[in-house]
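A short write-up of the structure that comes next.
Labels below follow one simple rule: chain letters A, B, ... track the order of the sequence lines, proteins then strands, and each chain is numbered from 1.
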Protein chains: 2
Amino acid sequence: MARPRSFDPDEVLDLARDVFWLKGFQGTSLDDITAATGLTKPSLYAAFGDKNALFLKVLDRYHAYIVGKAERIINDGPSAREAIRRWLTGFVPRCSGVKGSRGCLSVNTSVDGVTEQEVRKRIQAFNRKLEQLLRDRLRADRAQFADDFDPDAVAHTIMAIYQGLMVLAKDAPEAARVRATFDQAMKLLS
Amino acid sequence: MARPRSFDPDEVLDLARDVFWLKGFQGTSLDDITAATGLTKPSLYAAFGDKNALFLKVLDRYHAYIVGKAERIINDGPSAREAIRRWLTGFVPRCSGVKGSRGCLSVNTSVDGVTEQEVRKRIQAFNRKLEQLLRDRLRADRAQFADDFDPDAVAHTIMAIYQGLMVLAKDAPEAARVRATFDQAMKLLS
DNA sequence: CTCGTTATATACTATACAGTATATAATTCG
DNA sequence: CGAATTATATACTGTATAGTATATAACGAG
């Protein structure tokens, strides 16, 4: 055939993701990306298209990872309560200062002022998907909750707490505070 | 003395705020601001300094407004429960699609990837201040809650829900969903 | 009215940036 | 080996942008 590429596209997407995550889409220049990945601009363009297209690929990959993990944890847990508790607990490092304070790429992008329609669509689909996982699991185990339990409202509230803690992650709070907040969220599951 | 300025600084700050709010700090150009305000760049610089300084003034003004309103509502309500319910209810238009879907300028800026230390400091102070108002009010009326009620954790959780709904506001949800989420938050106050 | 002072308008500069044209290197297939 | 093909490197282009220099307009004090 011809000259093979000298890089693994997925690795490059992960490196680009870290830059976008840290600096935001609007705050990231192509030179930032070339510096982080070692690729030249023509290589970037040949492999991923322009800045928007690259970012969409990064975002899709990020979303797929989070959703995949959520599907496994939320669907496989022994009960809705325990499954959701486990899922939330996994975010403690991200929401506290332990794992940097970048928060969530999707949340960051959501409020970045990016007007691109495709970006909005995917974030919306991501939010819908996560909330649906929660809602479906809560509905499935509905018998375990009180009569006035509202799976839809609780699922949405958990989403709000999740996203809110991702914003507050920027302040690098202590892990104990994050855990205490998730404990409060769990009080809604009864 | 000399030629008086032809504009009201506070009005200009409000117009600039709307641009930053919509497009983000990094996504806003000075030309966007001059277009929105009708001022020329030299006038902007003379009155407010450079883009960073202007933004800090905008942010301070925004924060002062929100905090001022929160102080009144949260401290004056007949009970902690009722006060916080009223305060949250006031955000329904902002958090649903009713009043645009810009969310909260402070939340947007928090995750914008802006590295400026001053910006971070003010957002942190703003978050602390709001949470403190909630916490103090909850502590003051502590007798009205159950024995295991934890004012600090609940205050932080309400903050998370507030910020989370400001993120989800970008998806322009229905007002009923927002109200249902605040209702869930109120369940933590018992 | 005239002068001093401060605001505004126009036009400019330097730089950063997204994206590309052209040249060169590496690989496979014949 | 050589030709075809695809990747990479270098260097460039055009534009948007933050910030400014210079000129002019509007006001108050005397």
Side-chain angles (χ1 to χ4, degrees), chain A residues 1-60 105 108-109 112-119, chain B residues 1-59 108-109 112-119:
Chain A
M1 301 287 283
R3 180 173 180 174
R5 35 171 70 112
S6 63
F7 58 90
D8 173 16
D10 282 343
E11 277 175 22
V12 169
L13 285 179
D14 286 347
L15 290 168
R17 177 202 62 195
D18 289 342
V19 182
F20 283 127
W21 202 339
L22 196 67
K23 312 182 80 165
F25 176 77
Q26 313 212 60
T28 299
S29 73
L30 283 186
D31 289 338
D32 291 332
I33 308 262
T34 60
T37 61
L39 295 204
T40 60
K41 280 191 274 187
S43 293
L44 273 176
Y45 274 81
F48 308 105
D50 66 9
K51 193 184 168 190
N52 277 299
L54 168 63
F55 183 70
L56 281 178
K57 289 187 174 69
V58 164
L59 194 61
D60 282 345
L105 175 62
N108 295 359
T109 305
D112 191 359
V114 178
T115 53
E116 182 90 23
Q117 209 58 32
E118 278 306 310
V119 170
Chain B
M1 299 288 286
R3 181 174 178 173
R5 31 173 72 111
S6 63
F7 59 90
D8 174 15
D10 281 342
E11 277 175 23
V12 168
L13 285 178
D14 286 347
L15 290 168
R17 176 202 62 196
D18 288 343
V19 182
F20 283 126
W21 203 338
L22 196 68
K23 310 183 81 165
F25 176 77
Q26 314 212 59
T28 299
S29 73
L30 282 185
D31 288 339
D32 290 333
I33 308 263
T34 59
T37 61
L39 294 204
T40 61
K41 281 193 273 188
S43 293
L44 273 177
Y45 274 81
F48 308 105
D50 66 9
K51 192 184 168 190
N52 277 299
L54 167 63
F55 183 70
L56 281 177
K57 289 187 174 69
V58 164
L59 194 60
N108 296 0
T109 304
D112 190 2
V114 178
T115 54
E116 180 91 25
Q117 210 57 31
E118 279 306 309
V119 170

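Distance B/Leu30 CG to D/dG19 P: 6 Å, rounded to the nearest Å. One interatomic measurement links the two molecules: CG of B/Asp32 to P of D/dT17, which rounds to 7 Å at whole-angstrom precision. Atom NZ in B/Lys23 sits roughly 13 Å away from atom C1' in D/dT17 (whole-Å rounding). Nucleotide D/dA7 holds its P atom 13 Å from the CG atom of A/Leu44, rounded to whole Å. Taking atom CD on A/Gln26 and atom C1' on D/dA16, their separation rounds to 14 Å, with Å as the unit. Regarding B/Asp31, its CG atom lies at a distance of 13 Å from the C1' atom of C/dA11, rounded to whole Å. Across the protein-nucleic acid pair, B/Asp50 atom CG and D/dT17 atom C1' stand 14 Å apart, rounded to whole Å. Spacing between atom OH of A/Tyr45 and atom C1' of C/dT22 amounts to 17 Å, rounded to whole angstrom units.
Ion pairing of A/Lys57 with A/Asp60 is absent here, as no side-chain N (NZ or NE/NH1/NH2) approaches a carboxylate O to less than 4.0 Å.
No hydrogens or angles considered: a donor-acceptor pair under 3.5 Å links the side chains of B/Asp32 and B/Ser29.
OP1 and OP2 of D/dG19 both lie 4.0 Å or more from every side-chain N or O belonging to B/Lys41.
Residues passing the side-chain contact (heavy atoms from CB on, under 4.5 Å) test with A/Leu15, sequence neighbours excluded: A/Thr37.
The side-chain heavy atoms of A/Phe20 and A/Leu59, taken from C-beta on, include no pair separated by under 4.5 Å. The shortest distance between side-chain heavy atoms of A/Phe55 and A/Thr109 falls below 4.5 Å.
Judged by a 6.0 Å distance limit and a 45° cone about the ring axis, B/Lys51 is positioned over the six-membered ring of B/Phe25.
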Check: protein-nucleotides 5-8 of chain C nitrogen or oxygen pairs below 3.5 Å:
unit_1 : atom_1 : unit_2  : atom_2 : d
C/dA7  : N3     : B/Arg3  : NH1    : 3.4
C/dT8  : OP1    : B/Ser6  : N      : 2.8
C/dT8  : OP1    : B/Ser6  : OG     : 2.4
C/dT8  : OP2    : B/Ser43 : OG     : 3.2
C/dT8  : O5'    : B/Ser43 : OG     : 3.4

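In this structure, A/Thr34 reaches neither bases nor backbone, as no heavy-atom distance under 4.0 Å exists between it and the strands shown.
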